[in-house]
J.: 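Have a look at the structure that comes next, please.
The figures here come from the full heavy-atom set of this structure, side chains too, leaving out hydrogens, waters and symmetry mates. A note on names: the letters A, B, ... follow the listed sequences, proteins ahead of strands, and every chain is numbered from 1.
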4 protein chains.
Amino acid sequence: MDSLSVPMVRAVLCLSFGLFHLVMTQSVLAQTLAIVGGTVIDGTGATPIATGIVLIDNGRISAVGRADEIAVPDDVLRVDAKGKYVIPGLMDANVHLGLSHNLSLELLVRYENQFDEIILEAAQMALKEGVTTVFDTWGPLPQLQSVRDDINAGRSVGSRIFLAGNIIGLDGIFAGGWLQPGAEQQVSAAFRDRMNQRYEQEVGTELLAMRPDEIQSAIAAYIGKGVAFLKYSGDTQRLVGSSMISTLYFSPRQQAAIVEAGHHAGLPVQAHIASEEAIQVAIDVGLDIVTHGDLAVPPKTYSRATIQRLADSGTAVSVLPFTERRLEAFEEFAEANSQQIVWIPLYRAMRENRRAMIELGVKILLSTDAHLRNAQLPDLIPIPWEIDAVDPDRAIGEAHFNALVALEEDGMDLMEVLKSATSNISEAYRVDDELGTLESGKVADLLILDRNPLQSARNYRSIHMVIKDGRIIDRTELPVSAIINPAN
Amino acid sequence: MDSLSVPMVRAVLCLSFGLFHLVMTQSVLAQTLAIVGGTVIDGTGATPIATGIVLIDNGRISAVGRADEIAVPDDVLRVDAKGKYVIPGLMDANVHLGLSHNLSLELLVRYENQFDEIILEAAQMALKEGVTTVFDTWGPLPQLQSVRDDINAGRSVGSRIFLAGNIIGLDGIFAGGWLQPGAEQQVSAAFRDRMNQRYEQEVGTELLAMRPDEIQSAIAAYIGKGVAFLKYSGDTQRLVGSSMISTLYFSPRQQAAIVEAGHHAGLPVQAHIASEEAIQVAIDVGLDIVTHGDLAVPPKTYSRATIQRLADSGTAVSVLPFTERRLEAFEEFAEANSQQIVWIPLYRAMRENRRAMIELGVKILLSTDAHLRNAQLPDLIPIPWEIDAVDPDRAIGEAHFNALVALEEDGMDLMEVLKSATSNISEAYRVDDELGTLESGKVADLLILDRNPLQSARNYRSIHMVIKDGRIIDRTELPVSAIINPAN
Amino acid sequence: MDSLSVPMVRAVLCLSFGLFHLVMTQSVLAQTLAIVGGTVIDGTGATPIATGIVLIDNGRISAVGRADEIAVPDDVLRVDAKGKYVIPGLMDANVHLGLSHNLSLELLVRYENQFDEIILEAAQMALKEGVTTVFDTWGPLPQLQSVRDDINAGRSVGSRIFLAGNIIGLDGIFAGGWLQPGAEQQVSAAFRDRMNQRYEQEVGTELLAMRPDEIQSAIAAYIGKGVAFLKYSGDTQRLVGSSMISTLYFSPRQQAAIVEAGHHAGLPVQAHIASEEAIQVAIDVGLDIVTHGDLAVPPKTYSRATIQRLADSGTAVSVLPFTERRLEAFEEFAEANSQQIVWIPLYRAMRENRRAMIELGVKILLSTDAHLRNAQLPDLIPIPWEIDAVDPDRAIGEAHFNALVALEEDGMDLMEVLKSATSNISEAYRVDDELGTLESGKVADLLILDRNPLQSARNYRSIHMVIKDGRIIDRTELPVSAIINPAN
Amino acid sequence: MDSLSVPMVRAVLCLSFGLFHLVMTQSVLAQTLAIVGGTVIDGTGATPIATGIVLIDNGRISAVGRADEIAVPDDVLRVDAKGKYVIPGLMDANVHLGLSHNLSLELLVRYENQFDEIILEAAQMALKEGVTTVFDTWGPLPQLQSVRDDINAGRSVGSRIFLAGNIIGLDGIFAGGWLQPGAEQQVSAAFRDRMNQRYEQEVGTELLAMRPDEIQSAIAAYIGKGVAFLKYSGDTQRLVGSSMISTLYFSPRQQAAIVEAGHHAGLPVQAHIASEEAIQVAIDVGLDIVTHGDLAVPPKTYSRATIQRLADSGTAVSVLPFTERRLEAFEEFAEANSQQIVWIPLYRAMRENRRAMIELGVKILLSTDAHLRNAQLPDLIPIPWEIDAVDPDRAIGEAHFNALVALEEDGMDLMEVLKSATSNISEAYRVDDELGTLESGKVADLLILDRNPLQSARNYRSIHMVIKDGRIIDRTELPVSAIINPAN
């Protein structure tokens, strides 16, 4: 400690006691930083380093290793991590930062010009709770891009955003059942068209009637708008009479064309899928990621042959885990009210599918479909709020904690749980040269936890510090401004 | 002219050539003003004064008379009205300045915090076209009051507003069919309740189940909020199967209680009425004004006995006149499209009723139900825009001109036409000690027309100058800011 | 007994043991009949005759009196009523025999040509349980008339029917909310018009726009179709937003015209009423019967002044009583399911109104709105079947028993309870010269009960024998054929 | 002629003059029959026989050839066809005899127990106009089977029926958009379930979630019910917002399983298809018949590569041809009413697709989707009746005449037109060993036309005689009884 100047000493002391207040608006622009003395779990699956050091220089990790092997330069900010656990920043493979699941016509009209602020609010809720990178798999493209750019340029603080824009094949926000029936009749054509365009981005239903070569041209134009990855609608769910069905959306040869267009541009491709048939097609066409691959509509346990094929092909599967307590909440509610709850068979089938995937070695990505939630907001999935409050699986900033616990409950090894939220995701999304592990040269996104995440997934909640791009995040300030949950 | 100082000379010259530009933001704060040389038609029905003078001092008329009888002081602003016609400012007995007939859910959400601006826009559209006083017979009370107060205090320029607030007996904006069906399902309960309250003001449907004494207490409390007159729902129209029916809303003894409560507080009382039965009840209970008394739903010509009773009782009737050309537009459209147009029998019956009322001497008040209109706005009465554009009878700032012509077409004497838009209204609304005629002591609201309104009602359009509260209005500046029709 | 021939003895014995089987198809065509030895409660309110005799000759009562005062002729069929109670046949002031509250589009289409059979089924369910006369206050006129005529002519057995046909002022069956929303879109215009006409009978909504003299002509024409009494819509209930309101339907002067037209033809007039205002108007116009006068929508306790006026004016009020157990069933259900049950405040207000009417001496008529019910049928008032099964108040053949008990629970003297179901009704409907009491010259409609109805209203269920038109009804055979409840 | 007995001579004379009246109720039970002297066009595409003879014995053709080559036995009924044209009985590859496109809830309820009669009415309308065999591609299985069996057994006269029952994958009649929205809310659950079951037959949406082996078991069970061929839903159309889209219904591997199950049982398999993607899959899986393969939703001209693949693979395509006059009627209506008519682009694309298929040599099957139609009936495709009356393409007994003309207009060689309605269909449906041509050993279904169908397709209307199963049909008696079009 004697090598530290007085101000440094104070800084470290304050950090240790959680009293540190950043003088700068958003983050500490530390040129160099040393995380000293903690157990380093690097996200690669390697044995943790008991007393390790992580050196950060100019936003990147410059060295990782045992304390006795790495020299800490004099002029760095030292962060004392003794007794703590240093892990890569968490990732969420599937979120919706913008108005999405939580939409009502009222919100759409009122916040037409505040989409950016809402997206930023969500990105800050995620970052505050340790999710340093999110993959937004459906949302308003221009506004998501704007917020992404602000964050990347340091103009705003928030989780790092990769975005897909529209789910290829879907029409705009008034067309897809996102709003209450009849919403279109309440607004002017001009407003409807403006809002549709934000979401549709010229890759709507018109692609369904296209031949493969036509589709590839459309996708190439779409990629030119600046998306980070592609997501298309692999199958689609709808109610026919009283039966909920899944049917393929794009035909297999159309899906192959989309995947090829994405790969040609170097982008990973995923698809919304909730049926075994669509999973089979996905593997056939070389899809990178099956979105919520545990979800089967109608509820069904997938065959082991299909799951084995997923594992063998190396196809990544993002899943939507929930805790046992949450399922129990549904079951208790159903019993108390003598009602059939549609989520119960669905959740049960999802759990079976997840467990089989874990057992057979499918590459799992933690995901949540998370978005800003509160009791007054509507939700696409209208679960009674009192039930939904039990281990929420869709509330951004909270959902990932429960999902991590759920994966442990599903029988996943705790080292694999960590990878499912870090390196598995960076690999599947093809950003593993930059993100996802604590390795020299990688971007310095990392968490310091008070308790060991390899002992219990519940320990992910024990966040001591969040560092993104080599900067210590002032979690107390987040979200900086809030529209949807202003009380926070 | 030699008595005028040089600046005065320039002012008068400029006015004569219509080039006058006010230096002050809103109006000329002339302490004293003399309208010199015009034909003065004072609104009382008296013979016009061929070469008259109207002296205005401190916002009020200080003298009216023949030019050779009245001395014009030296230090006044002289307005040369030679060859022109000086009449009282026009009044409209029934307008809706706020979001009302022109409502959609989209507008309601978007402009929740801009109601005041919209109301002011409407009040300025009216004033610009010579309507110096409007009676708002249904709208959001707090916002109407706010704008009224701003205008009265000189903080804003606009037509003088008298307001009823809610139509007593109606629930809020989400309850009454003002919005598209299903609107309520698109918004949060909090928003719905906020908006309902703006309009409902504790005098909603709950009054229907009250006994007379209970009603009187409720009305007294409502009057305490500061309304200028009362309007209640006398009857109500609705579709039963494919039949449109009118039935009484409040019972006769409840209506009597409302009227008594209003009169006890010195307020005039009117009622929405569209059936002969309700007219009969109105006369029984001593109502002051029958709102749109020419309207019969389903379309029906009222009996001459009933109309004679209206005349004998002195009950005023506000009417909704339309021109022959407008009715013809409907008829032509119907013929070209082989469609039945519901408005045709309705308009025909209204015309018959109006003509009989004129013939039998009922006291007629010009009214329009006018509100801000444009082609993109919805309207409670969804007439195809191309038809509605023919002599519009509901567009604020325009409707009154057509209504005045229509009354002439209906056979009304032109002096009576003027009274129907001035002194008849001020008398019926019990503000004739202050407004409605050009008489000494009255508020100085007046118009100068280029052409004689006693030769043709079309001449009301020839506005040369609008003076309100003794101040010359700069019509070119109105509306000062516009939300609904920003192009204006 | 020695005066009886052997067959007679056997008959009487069999009757005593309830084993009697009629040889004739429907009833015993006894020319003369003597009810001997029972306690005779004649329905006038007079002290019961402890050991009485009722002599019946050719369908009419020829003598009533003490056994020691009246000689029983030799050649009559003697019915031993010793230890039993002889009362007038019960009446129900308000039933709906045809498809009415129990309508669905499916039933309407399927049974288009079987309305008569359904009406007869209902009339037989009523008669079987002691209701010898019903007043059908709304239903399909031609079919009701046909069944009425068949019964009166002895071609069918069933309760005696008096009928109103349409509720004056209401349009046909597709217009009034009797069917599920959207029903009209499922059928052809031809079918819709046929069905509407059955119910509407040219006294629909068009009367609302008529002047009194026009109304009287329309009513006169309607009376010419052969109705027994008139019923019009005095007020009307509807949902405005989330508020249920009652408003007058016909104006007071229109109501007066209807009443006058009815009285001019010698017919009693009643009106559907569910508000205090409409009750006041009813008294003003001289209405004979207020239909379900205990019902207040929205739920409200009527003022004692209004109820006193009802009593003073002698206006009869039909009520819809329900038992305490039934209200408790609603309350328990609400508590168990933490739901607001709209019927609870309604039932509570109805009970209060009924009790005040009983206390203040209003002339009460027992009524039920009864119609054919089963668990599979829809109902206009969709009470969950498990609750509705507790002391059903609308199931024909059952509802009147519960209503009688309910009146006792409401504090009505048991002699008054009997009158409310007999002489009060015959008086209010102006058929008391023929029906309603056990008096010489009256039609011989009577019940023999095993237990004393003046000890408990529950004893009305102890029916030993039903006699209508002087004929013993074979209750075991009823209903002869059944469509709606074929299992019976 | 001298070999004929006197009665025979009379019969032949009568036939020649069209005065022949059959003595037997339905048909002449001629054991042997000789069609003599006409031009025989046998449906194989062979050169017509100018003066030919067709011998019929016991319902089958025993010889066909030149008059100078074939001896006519003495004791046969000779039919003089001199100057006329003898062709195989026509076939329609796609009809709906039962309540289907023409459904309303009203009809469903009313005719619940008369489905058989309606189906027979349709089968008789077809036979009357020369369609001796129909393929019913969707309808109520039990009732279709019953009528089919009655006809086959000679208990009824009517077109020969081959039936598919349900379209595999579709739920019952209340689920699929066949009825107006909201129909289910108008009926009891019991009725809904009964009607659904008639159509659904255990091969509904539940198959969508099955794996291939599960599907094959379900199909095998279904085949066991006695269907003649299979039809499944290859793709499905629906409105998303304002876009009409087609997406695959069963996945390719599921489709392969269905086709395999059908072929395993010796049944031909077809699929409802309206998109190019589904056509591609159909060819991949070895489908026998693409139903309405000219139909593209949204309207689109298929690529020539896809159409060439159809031709090369030998996949048959049933089409829905319409005349130029019909398309013009739509265009004129659209112009007169300045409306966009959805059918216009659809019809135009269909015509382009049909023409390309004809040009490239696809095996075309004439089809109509025909069903009983009249102006009062609803229709799934709600074309204004006045337009629909121009060369109707869906009215059974009429549609095929217009379709034949339309194929000629589309450029099809007239010999191919005949084959499209005879041998092409029998081959595609695998019944060509029995039906479709005039060859020795085949079932004796044939028409005698007055005019040459190889000169103009309009000549198919000139029906002189219909023979089915070797029996002359009394066309004047058909339909024997009629429910839907009783006036016929």
J.: Look only at the side chain of Asp379(C) and the backbone of Ile381(C), and say whether a donor-acceptor pair between them is shorter than 3.5 Å.
T.: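 Judged by distance alone, yes, a pair lies under 3.5 Å.
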J.: Test your reading of the model: is there a side-chain donor-acceptor pair from Tyr222(C) to the backbone of Asn166(C), 3.5 Å cut-off?
T.: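 Yes; judged by distance alone, with no hydrogens or angles, the pair exists.
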J.: Considering only heavy atoms and a distance below 4.5 Å, find which of Leu239(B), Val240(B), Thr247(B), Asp171(B) pairs most often with chain C.
T.: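 Among Leu239(B), Val240(B), Thr247(B), Asp171(B), the one with the most close pairs to chain C is Thr247(B).
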J.: Within a strict 4.5 Å, meaning less than it, do heavy atoms of the Leu230(B) and Gln270(B) side chains meet?
T.: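 Side-chain contact under 4.5 Å: no.
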J.: Can you check whether Val319(B) reaches Val317(B) side chain to side chain, under 4.5 Å on heavy atoms?
T.: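 Val319(B) reaches Val317(B) side chain to side chain.
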J.: Indicate yes or no: at least one non-hydrogen side-chain atom of Leu327(C) is less than 4.5 angstrom from one of Trp343(C).
T.: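 A side-chain contact is absent here, since even the closest heavy-atom pair is not under 4.5 Å.
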J.: Determine the minimum heavy-atom distance between Leu320(B) and Arg354(B), stating which atoms define it.
T.: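 Shortest heavy-atom contact: O-NH1, 3.5 Å.
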J.: With a 4.5 Å limit on heavy-atom distance, are the side chains of His272(B) and Asp235(B) in contact?
T.: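 Side chain of His272(B) against side chain of Asp235(B), heavy atoms only: contact under 4.5 Å found.
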J.: Using a heavy-atom cutoff of under 4.5 Å, enumerate the residues of residues 249-257 of chain B that contact chain C, numbered in order, or state 'none'.
T.: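 So far as heavy atoms go, Tyr249(B), Ser251(B), Pro252(B), Arg253(B), Gln254(B) are the residues that approach chain C to under 4.5 Å.
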J.: Mind ranking Pro212(B), Ser275(B), Gly241(B) by heavy-atom pairs under 4.5 Å with chain C and telling me who comes out on top?
T.: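 Highest number of heavy-atom pairs under 4.5 Å: Gly241(B).
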J.: Could you give all pairs that pass the side chain to side chain donor-acceptor pair (under 3.5 Å) test and reach residues 172-184 of chain C, with sequence neighbours left out?
T.: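 Residue pairs with at least one partner in residues 172-184 of chain C: Glu184(C)-Arg192(C).
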J.: State, to 0.1 Å, how close Thr236(C) and Leu248(C) come at their nearest heavy-atom pair, and which atoms those are.
T.: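 Taking Thr236(C) first and Leu248(C) second, the nearest heavy atoms are CG2-O, 4.4 Å.
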J.: Indicate yes or no: at least one non-hydrogen side-chain atom of Ile279(B) is less than 4.5 angstrom from one of Val281(B).
T.: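 Counting from C-beta outward, Ile279(B) and Val281(B) never come under 4.5 Å.
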J.: With a 4.5 angstrom heavy-atom cut-off, is it the side chain or the backbone of Ser242(C) that approaches chain B, or both, or neither?
T.: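 Ser242(C) has no heavy atom closer than 4.5 Å to chain B.
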J.: Over 60° means perpendicular and under 30° means parallel, so tell me whether His96(B) and Trp138(B) are parallel, tilted or perpendicular.
T.: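 Plane angle over 60°, so perpendicular.
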J.: Under a 4.5 Å heavy-atom cut-off, does chain C meet the side chain of Ser246(B), its backbone, both or neither?
T.: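 Contact with chain C is through the backbone of Ser246(B) alone.
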J.: Can you confirm whether Glu112(B) sits close enough to Leu108(B) that some side-chain heavy atom of one is under 4.5 Å from a side-chain heavy atom of the other?
T.: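 When only atoms from C-beta onward are counted, Leu108(B) and Glu112(B) do not touch, as no gap falls below 4.5 Å.
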J.: With a 4.5 Å heavy-atom cut-off, do Lys231(C) and Val269(C) have their side chains touching?
T.: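 They are not in contact (no side-chain heavy atoms under 4.5 Å apart), so the answer is no.
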J.: Between Asn102(C) (side chain) and Ser100(C) (backbone), is there a donor-acceptor pair under 3.5 Å?
T.: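 Yes.
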J.: What residues of residues 282-305 of chain B make heavy-atom contacts with chain C at a cutoff under 4.5 angstrom?
T.: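 Under the 4.5 Å heavy-atom cut-off, Pro298(B), Lys300(B), Thr301(B), Tyr302(B), Ser303(B) qualify.
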J.: If we ignore angles and hydrogens, is there a donor and acceptor under 3.5 Å between the side chains of Gln280(B) and Thr306(B)?
T.: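 Present: a donor and an acceptor within the cut-off.
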J.: Counting a contact as any heavy-atom pair under 4.5 Å apart, which residues of residues 193-211 of chain B contact chain C?
T.: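 Result: Thr205(B), Leu208(B), Ala209(B), Met210(B), Arg211(B).
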